[in-house]
Every structure is written in C-alpha cells, then in structure tokens.
There are 2 protein chains.
Amino acid sequence: MRRKSLSGAPCPIARTLDVIGDWWSLLIVRDCLKGMRRFSELQKNLDVSKNILTRRLRALIAQDILTLQPAADGSAYQEYRLTDKGRRLFPVLVALSQWGRENLAGIDPNPMTLVDREYRQPVRPIEIRAHDGRVLGPGETVMTRLG
Amino acid sequence: MRRKSLSGAPCPIARTLDVIGDWWSLLIVRDCLKGMRRFSELQKNLDVSKNILTRRLRALIAQDILTLQPAADGSAYQEYRLTDKGRRLFPVLVALSQWGRENLAGIDPNPMTLVDREYRQPVRPIEIRAHDGRVLGPGETVMTRLG
DNA sequence: CCGTATCCATTCCGATACTG
DNA sequence: CAGTATCGGAATGGATACGG
C-alpha cells in the first residue's frame, strides 16, 4: 500500500508536509537559501548520491519550489534557483534551526547559530503573535475556517 | 544501505530533521498541541493504522517529545502528553501552516487558518528579526559558529 | 480500549557503472 | 559537470489477526 496523499487534506500543515515532508527537500532548500545553485555544490555539501539528488531536485521543480535556468555566470550549465514560493520557506527553516539548537544539544559545546549577517548577532527566537501583538502559546490558538 | 543519520551533523536543521523529519511525527505533535492525548483519538483523527501509530509514538517518547503517563481523568489507561521540548515545536508547526496556507491554495476557497483563540483573528505571519528588531530576509542571515 | 505480532507491498536511499 | 540506469537493501506504511 502506498502512503496516503495528504494534498487534499484540509489542514495546511498536512498539505505542506505532503510537499516538503521528506528527508532531503528542506536540506536542499536550506542550501539554496545559502546561495548554492549548482548540482555539484549541492551534491558535495549534502553528501547524497547523485541519483537521489536528481530525484529530489526534479520533485522540487515540479512543486514550483525550484527552477532550472541557464547559469547566470555564462557557464555552459544550468543552475537551480529558488522560486519565491521556495524562498518563503525561510521561516520554516529558521524554526527548525532554533528548535534544534535549543533542544538537541548533543556533544557540541558551541553549536551553529543563525545570525544577522551584518552584526553577527543571533536572530531573535521566533514568536507567534496575535493581530494585536500579544505573544501566543499553543493553547491560545485554534485552527479554524474563517468566515 | 540505510539512510545516513544526521544526528551528529553540525547544522541544527539537519539534526532536527533527523528527529522529526519523518512523515507522521509532526502531525502527531500537531494533534497533541490541540489537546489530544488518547491513542484512539490520534488514530481516528490521523487515519493511520494502529501499528504505525504505535511505532511513531514510541519513537517520539524515545526522543523525549512525548511522555506516557497515567490518565489524569482517572480512566484506567494512559495518555500521551507533550513534554516541554515537544511543546516548543509550536513555531515549527505555525511556520508550516502559514506556508501551506499561502502557497498551496488548492481547490479550497476558504482554507483553514490559525487564529487567536480569543478574538478569532488570524495569527500574524512569522517574521525573522535581528537582535535590534529589524526584519531579516534569507540573504541577511548566516549560519555560523559563535565565539 | 490499547496496543502487539505478522506479513507483505511500496517507497526510498545508496553504491556503482555508464553516458553526453 | 551533470546527470541516467540498474540493482540491492532498508525503512516505512498498511491490513489483519490476536492479546492484556
């Protein structure tokens, strides 16, 4: 039996996981957000076999998260670039990063941190805020259909 | 060959995906954040077979994201509750939810939305902010080791 | 009600070899 | 450099039956 598709689920979390909920996709998006564009860059940095990388890249293109374009630097090859839709995954990656750093200490006494490029200060922890600016915890929110 | 473990990776995103990057985990956490605690509730709502649910629950307990405790309502059974560590995944789920709602429109003209429980207003879009409050885009951040 | 035990199908990953 | 083809192994998901 195949895994149920959740693309038609009412919950946007489920639908999102249906698209980027696999193992490699978010790591590829992470590297593209860092500016990587070439197949070989991604392959080396992710340490993934080429056929897997190919498959994942194709899937991300099909989802309109990446595009494959002629390289801007004039080289004969093509390059993978994030679409706007892909770039909007930034908060997802930041949330994952912050949770990992705070909750998966591990052995590393000085784990990597997302910082402001200019001032080299850590980015603020993400907060969930109501329309009026109040910080909300999980219990103060509900998933509902408006209207 | 088995999938590479990224638990020792330097990048906190990779380490996080190693823990909750599978198909069901975040959906279970989502339901627990909504207040679900019972096996049967989860099984019905997720529409997952019992053995799979058992496997995932055990894994989440092993990761200290869930605990299994005697039910508070006096029933003979036990209940699954999020640990603080698990509860801190809230921003991850909100980020996934917002991305899905904004970028995976689908057929539904009125998709589900996360709202403030009290006023029924949509939660603000997550913003990534620097230490001084400036909103940061992906290009204005770097992942680095401090110190 | 809350699982566990089998068993099977599918999907996914990875190594290797090969191509333009 | 940038893939494709093939193959095998492992993890995952699911149906079903069974047990405390």
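A note on names: the letters A, B, ... follow the listed sequences, proteins ahead of strands, and every chain is numbered from 1. What you are looking at is a predicted structure, and each value in this text was computed from that prediction instead of being measured.
In this structure, CG of A:Leu53 is placed 8 Å from P of D:dG3, rounded to the nearest angstrom. Taking atom CD of residue B:Glu79 and atom P of nucleotide C:dC1, one finds them 16 Å apart after rounding to whole Å. Straight-line distance from the CG atom of A:Leu17 to the P atom of D:dG13: 12 Å, rounded to whole Å. With rounding to whole Å, B:Ile52 atom CD1 is found 13 Å from C:dT4 atom C1'. Atom pair B:Arg55:CZ and D:dG13:P shows a separation of 7 Å (rounding to whole Å applied). A:Asp22 has its CG atom 16 Å from the C1' atom of D:dG13, to the nearest Å. Following rounding to the nearest Å, A:Glu41 (CD) and D:dG3 (C1') show an atom-to-atom distance of 16 Å. Residue A:Trp23 contributes atom CH2, which lies 9 Å from atom P of C:dG14 at whole-angstrom precision.
The side chain of A:Asn51 has C:dA15 as its nearest neighbour among C:dA15, D:dG3, D:dC1. Nearest nucleotide to the A:Arg56 side chain, out of C:dC2, C:dG14, C:dC13: C:dC13. When the nucleotides C:dG14, C:dG3, D:dG3 are ranked by their closest atom to the side chain of A:Arg58, D:dG3 comes out on top. Closest to the side chain of A:Lys50, out of C:dG14, D:dT4, C:dT4, is D:dT4.
Contact between the side-chain N/O atoms of A:Trp24 and the OP1/OP2 oxygens of C:dG14 is found at a separation under 4.0 Å. The shortest distance between the side-chain N/O atoms of A:Tyr77 and the OP1/OP2 oxygens of C:dG20 is not below 4.0 Å. At least one side-chain nitrogen or oxygen of B:Ser40 sits closer than 4.0 Å to the OP1 or OP2 atom of C:dC2. For B:Ser49 and D:dG13, the shortest distance from a side-chain N or O to OP1 or OP2 is not below 4.0 Å.
A perpendicular orientation is assigned to the rings of A:His131 and B:Tyr119, their planes being inclined by more than 60° (bins at 30° and 60°).
Residues A:Thr113 and A:Arg101 bring a donor and an acceptor atom of their side chains to less than 3.5 Å of each other. A:Thr54 and A:Asn51 are not linked by any side-chain donor-acceptor pair at a separation below 3.5 angstrom, with hydrogens and angles left out of the test.
Separating the CG atom in B:Asp132 from the CD atom in A:Glu118 is a distance of 8.5 Å, to the nearest 0.5 Å. Summarising the geometry, atom OG belonging to B:Ser7 is positioned 9.0 Å from atom CD belonging to B:Gln63; distances are rounded to the nearest 0.5 Å.
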